[in-house]
Asker: 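My structure is below; once you've seen it, I'll send some questions.
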Amino acid sequence: MHYDVIVVGGGPSGLMACIAASSRGARVLLIDKGDKLGRKLGISGGGRCNVTNNKETEELIKHIPGNGRFLYSAFAHFNNQDIIRFFEDMGIKLKEEDRGRMFPVSDKAKTVVEALIGRARGQGVQMRVNSPVQRVLYEEGRTAGVRLQSGESVHAACVIVATGGKSVPHTGSTGDGYPWAEEAGHTITELYPTEVPLVSREAFIQSKELQGLSLRDITVSVWNAKGKKVVQHEGDLIFTHFGISGPTALRCSQFVVKLKKQFEVPTVKLTIDLFPERSTDELYDETMKLAEQEPKKAIKNVLKGFLQERMIPILLKKAGLREDTTYDNIPKQPWMQLAALLKAFPIQIADTLSIEEAFVTGGGVHLKEIDPKTMMSKRMDGLFFCGEILDIHGYTGGYNITAAFTTGYTAGLHAAEAAIGQEVY
Ligand SMILES: Cc1cc2nc3c(=O)[nH]c(=O)nc-3n(C[C@H](O)[C@H](O)[C@H](O)COP(=O)(O)OP(=O)(O)OC[C@H]3O[C@@H](n4cnc5c(N)ncnc54)[C@H](O)[C@@H]3O)c2cc1C
């Protein structure tokens with residue numbers, strides 16, 4: 001069998017590339033090394049698959065801080081609204097949750113994976129699983145096909161590399177595509193973990209006294225070594241046995257990685273604003289009033305109900321306040337310090353979890369070497385890239401799968417165009 005396009009990797013980007021290429025009449029072969037396609041997609045969004053985000057294009061780009069601007073052309077072909085239509089046309093109803101996040105109504109990622117595989121199959125895409133690709137073949141300055149680990153070679157005019165990043169390797173994303181890109185003359189920008197939980201060696205973390213505590217609707221700020229705020233994110237956070245996780249921590253993680261490197265510092269300071277809607281002065285007055293209403297009560301009890309109970313001893317200690325202080329003997333300075341801590345509770349971050357434990361891999365195939373209109377390599381004819389292998393990464397919230405779909409669609413369309421009519425080896 002001769003193929004026009006070989007797609008390596010059956011994640012969201014590869015599956016979408018297959019669908020787009022076959023819709024143009026190309027003979028497409030999808031090769032994956034796993035026994036199942038779409039394994040990472042199947043566990044995405046907590047098993048519900050946050051398939052895209054309903055925000056406007058400008059907002060989407062903003063939420064893809066790792067080179068989102070590269071996606072303008074791809075979004076012109078296939079954007080989040082097209083993704084929504086694509087699934088709804090196949091009878092997969094989607095629903096919008098908070099912050100524009102779109103999920104299948106079934107709440108099952110499996111629905112999304114099966115729909116993609118079914119569509120690709122229905123359009124004649126051939127699929128081979130349990131078939132690890134060892135390398136992409138380049139002959140006479142152009143792409144010629146792939147060699148499988150079994151030693152078998154399969155030829156095609158165009159190859160789309162959709163092997164993903166290096167995160168959560170048991171899903172098959174083990175970074176296999178990077179050396180193939182390098183062999184074609186591509187640069188791989190430094191890989192790093194992003195959307196990854198943060199590690200702290202603060203005493204209150206090591207004592208595990210906050211483990212499992214969730215904070216809702218707070219803001220987290222990241223500070224550089226010069227004391228300048230670099231970024232701020234609002235949302236939820238959870239304390240873990242090693243540090244912090246949850247949406248805001250994940251969003252801050254890439255900045256921690258970058259600041260540690262840039263300033264060569266052992267830790268990066270984060271601060272948590274526990275009451276984003278109130279000022280320090282308001283918090284001072286409000287807590288003081290609470291104490292005044294129950295003047296005989298120890299402040300640690302007065303503050304229950306106002307603050308997460310488990311945070312009270314830590315906050316009081318940091319502010320230099322005794323837990324048994326009552327209204328009559330509240331010292332003004334430490335009380336002001338307490339109000340300030342409620343607005344900016346500091347936590348030094350020493351590290352992130354590893355790239356393997358991250359939700360997303362930062363870095364990848366350098367975008368200067370990729371045509372944003374086609375996803376084709378500027379280094380090797382007939383070679384295309386899509387998905388997380390590219391130096392593109394978004395926040396959690398459906399942005400990474402959106403980037404995978406849009407780049408996959410663009411690559412598939414243009415690989416088909418480039419391949420059809422060309423001699424197949
Ligand atoms: C737990 C978790 C939850 C997530 N949830 C969300 C979410 O809800 N929303 C969101 O937008 N993003 C989410 N992400 C991120 C998102 O899943 C990824 O960005 C996306 O799957 C990347 O798609 P991809 O097609 O580039 O690669 P992948 O999905 O990583 O797929 C790569 C494929 O290539 C195959 N492959 C690799 N090497 C070879 C080889 N040598 N030969 C053959 N095949 C090979 C692999 O087997 C795999 O099937 C989540 C990530 C994780 C880890």
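Order of appearance sets the numbers: ligands from 1, and atoms from 1 within every ligand.
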Asker: Between Glu388 and ligand 1, does any nitrogen or oxygen pair lie at a separation below 3.5 Å?
Answerer: yes
Asker: Looking only at distances, can you tell me whether any N or O atom of Gly397, backbone or side chain, sits closer than 3.5 Å to an N or O atom of ligand 1?
Answerer: no
Asker: Got a donor-acceptor contact below 3.5 angstrom from the Ser22 side chain to the Cys18 backbone?
Answerer: yes
Asker: With atoms numbered from 1 as shown, which atoms in ligand 1 lie under 4.0 angstrom from a non-hydrogen atom of Gly164?
Answerer: 26 (O), 27 (O), 30 (O), 32 (C)
Asker: For Ser44, counting its heavy atoms only, list the atoms of ligand 1 lying under 4.0 Å from any of them.
Answerer: 3 (C), 4 (C), 5 (N), 6 (C), 7 (C), 8 (O)
Asker: For atom 12 (N) of ligand 1, what is the closest protein heavy atom, and at what distance to 0.1 Å?
Answerer: Ile401 CG1, 3.4 Å
Asker: Have a look at Gly38, Pro169, Gly172 and point out the one with the heavy atom closest to atom 46 (C) of ligand 1.
Answerer: Gly172
Asker: Please work out whether any backbone atom (N, CA, C, O) or any side-chain heavy atom from C-beta onward of Val8 is under 4.0 Å from ligand 1, and answer side chain, backbone, both or neither.
Answerer: side chain
Asker: Do Glu388 and Lys166 sit within salt-bridge range, that is, some charged N less than 4.0 Å from a carboxylate O?
Answerer: no
Asker: Under 4.0 Å from ligand 1, counting heavy atoms only, is it the side chain of Val168, its backbone, both or neither?
Answerer: side chain
Asker: Out of all atoms in ligand 1, which are within 4.0 Å of some heavy atom of Phe359? Include the element for each.
Answerer: 1 (C), 2 (C), 3 (C), 51 (C), 52 (C), 53 (C)
Asker: So, Tyr409 versus Phe75, ring centres under 6.0 angstrom or not?
Answerer: no
Asker: Could you check whether Glu209 pairs with Arg310 (Lys NZ or Arg NE/NH1/NH2 to Asp/Glu carboxylate O, under 4.0 Å)?
Answerer: no
Asker: I need the atoms of ligand 1 closer than 4.0 Å to a non-hydrogen atom of Gly387, numbered in the order shown.
Answerer: 26 (O)
Asker: Would you mind checking if Arg85 and Glu88 are paired as a salt bridge, meaning a charged N to carboxylate O distance below 4.0 Å?
Answerer: no
Asker: Is the shortest distance from a Lys or Arg side-chain nitrogen in Glu114 or Arg121 to a carboxylate oxygen in the other one below 4.0 Å?
Answerer: no
Asker: At under 4.0 Å between heavy atoms, which part of Ala162 makes contact with ligand 1: side chain, backbone, both or neither?
Answerer: backbone
Asker: Using a strict threshold of under 4.0 Å (side-chain N to carboxylate O), is an ion pair present between Lys378 and Glu369?
Answerer: no
Asker: In this structure, is the centre-to-centre distance between the rings of Tyr395 and His233 below 6.0 Å?
Answerer: yes
Asker: Should Ser167 be listed as contacting ligand 1, given a heavy-atom distance under 4.0 Å as the test?
Answerer: no
Asker: Please find out if less than 6.0 Å separates the ring center of His186 from that of Phe385.
Answerer: yes
Asker: Does the protein put a heavy atom less than 4.0 Å from atom 30 (O) of ligand 1?
Answerer: yes
Asker: Just distances here: any N/O of Lys33 and N/O of ligand 1 closer than 3.5 Å?
Answerer: yes
Asker: Does the N or O separation between Ser173 and ligand 1 drop below 3.5 Å for any pair?
Answerer: yes
Asker: I need the contact type for Phe385 against ligand 1. Using non-hydrogen atoms and a strict under-4.0 Å cut-off, is it side chain, backbone, both or neither?
Answerer: neither
Asker: Suppose I only count heavy atoms of Pro132 and a 4.0 Å limit; which atoms of ligand 1 are within that range?
Answerer: 42 (N)
Asker: With a 4.0 Å heavy-atom cut-off (strictly under), which part of Asp176 contacts ligand 1: side chain, backbone, both or neither?
Answerer: side chain
Asker: Closer than 4.0 Å to some heavy atom of Asn400 - which atoms of ligand 1 meet that?
Answerer: 11 (O), 12 (N), 15 (C), 19 (O)
Asker: Between Glu97 and Lys95, does any side-chain N to carboxylate O distance fall below 4.0 Å?
Answerer: yes
Asker: Can you sort out which atoms of ligand 1 are near Ser13, meaning under 4.0 Å from one of its heavy atoms?
Answerer: 24 (P), 25 (O), 26 (O)
Asker: Cation-pi check, Arg27 to Tyr3: give yes when NZ or CZ is under 6.0 Å from the six-membered ring centre and within 45° of the ring axis, no otherwise.
Answerer: no
